[in-house]
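Structure first, then comments.
Each ligand, and each atom within it, is numbered from 1 in the order the structure gives. Numbers here simply count residues along the sequence, with the first being 1.
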Amino acid sequence: MSLRIDILTLFPEMFSAILGTSIPKRAAEKGLVEYHLTNFRSFATDRHLSVDDKPFGGGPGMVMMAPIVFDTVAHVEQLDTRPATRILLTPQGRVLDQPLVETLAKKPRLVLITGHYEGFDERIIDGLAPLEVSIGDYVLSGGELAAMVLIDAVVRVLPGVLGAEEGASDESFTGGLLEYPQYTRPRQYQAMDVPDILLSGNHAAIAKWRMEQRCERTKKRRPDLWQSYESGKNKARGDDAAGG
Ligand code: 6GU
């Protein structure tokens, strides 16, 4: 069964940038994922088609109204029997990382709730109990770009999406390490040579060199990832922290 992704947004047109291009498009063509866009505006009931309003208590910006979001989610969810994992894109959420991407890729259905400029009435979060997800510690003007990032990251790890060629096993974060440096022709460029080992034909030595490069890079650039990698290894060996 394919993964169904519902996207709830005030700006469905923004999503053509990724859904109609590259890997997300190819995955849909292969029948591995389906995308369904729904505009919150369709569930507005007043004559101005309002979806947001000023915050009680004052303050800047607008707040997405609870009835609009509840009605949209209820409508969308009854379109399909697959159980939905609700995700609300917000800087208040858990920061997306590769383990969360892998978890989401195993679900039958994701319902992505995005806002633009505004916040969400807290009763949306209390009542719908979505998983709140952020894509990093900076502020975007809306959740749409964050949803696109999540979609791209999830779709590319679905079984069958990437060919063996593009296979993801050595990549950054797979196994919790950054990627090794890569080279292609020409062998010499501006007095910078390709490392001899890569031209040696010794596949075992190349694999060892690449693994060393991944470790060195991760230690230097991402000590946080390196620490998780090391403690993960310890766990796999059954050591405890005190055991050193
Ligand atoms: Cl999910 N939304 C917004 N508006 N800004 C963000 C974000 C999400 N993740 C990081 N920054």
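- By the 3.5 Å distance cut-off applied to N or O atoms, Thr90 is not counted among the residues near ligand 1.
- Ligand 1 places these atoms under 4.0 Å from at least one heavy atom of Ile135: 9 (N), 10 (C).
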Name each donor-acceptor pair under 3.5 Å that joins a side chain in residues 126-139 to protein atoms two or more places apart or in another chain, with its distance.
unit_1: Ser134; atom_1: OG; unit_2: Gly136; atom_2: N; d: 3.1
unit_1: Ser134; atom_1: OG; unit_2: Gly136; atom_2: O; d: 3.2
unit_1: Tyr138; atom_1: OH; unit_2: Ile135; atom_2: O; d: 3.0

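- Comment: Glu212 engages Lys208 in a salt bridge, judged by a side-chain N to carboxylate O separation of less than 4.0 angstrom.
- Taking the charged nitrogens against the carboxylate oxygens, Asp6 and Arg109 do have a contact shorter than 4.0 Å, which makes a salt bridge.
- The pair Glu230-Lys233 meets the salt-bridge criterion, with a side-chain N (NZ, NE, NH1 or NH2) lying under 4.0 Å from an Asp/Glu carboxylate O.
- Protein heavy atom nearest atom 2 (N) of ligand 1, with residue, atom name and distance: Pro91 CD, 3.5 Å.
- Near Ala146, with a cut-off below 4.0 Å to any heavy atom, the atoms of ligand 1 are 1 (Cl), 8 (C).
- Considering both main-chain and side-chain atoms, Leu140 comes within under 3.5 Å of ligand 1 through a nitrogen or oxygen pair.
- Annotation: Tyr138 places an N or O atom under 3.5 Å from an N or O atom of ligand 1; distance criterion only.
- Listed by number with element, the atoms of ligand 1 under 4.0 Å from a non-hydrogen atom of Leu89 are 1 (Cl).
- Distances shorter than 4.0 angstrom occur between a heavy atom of Val133 and an atom of ligand 1.
- In this structure, Gln227 places its CD atom where only 12 or fewer heavy-atom neighbours from other residues, nucleotides or ligands lie under 6.0 Å away.
- Taking atom 10 (C) of ligand 1 as the reference point, the nearest protein heavy-atom neighbour is Gly136 O, 3.1 Å.
- Under a 4.0 Å N-O distance rule, the pair Arg86/Glu77 qualifies as a salt bridge.
- For the pair Arg4 (side chain) and Val33 (backbone), a donor-acceptor distance under 3.5 Å is absent.
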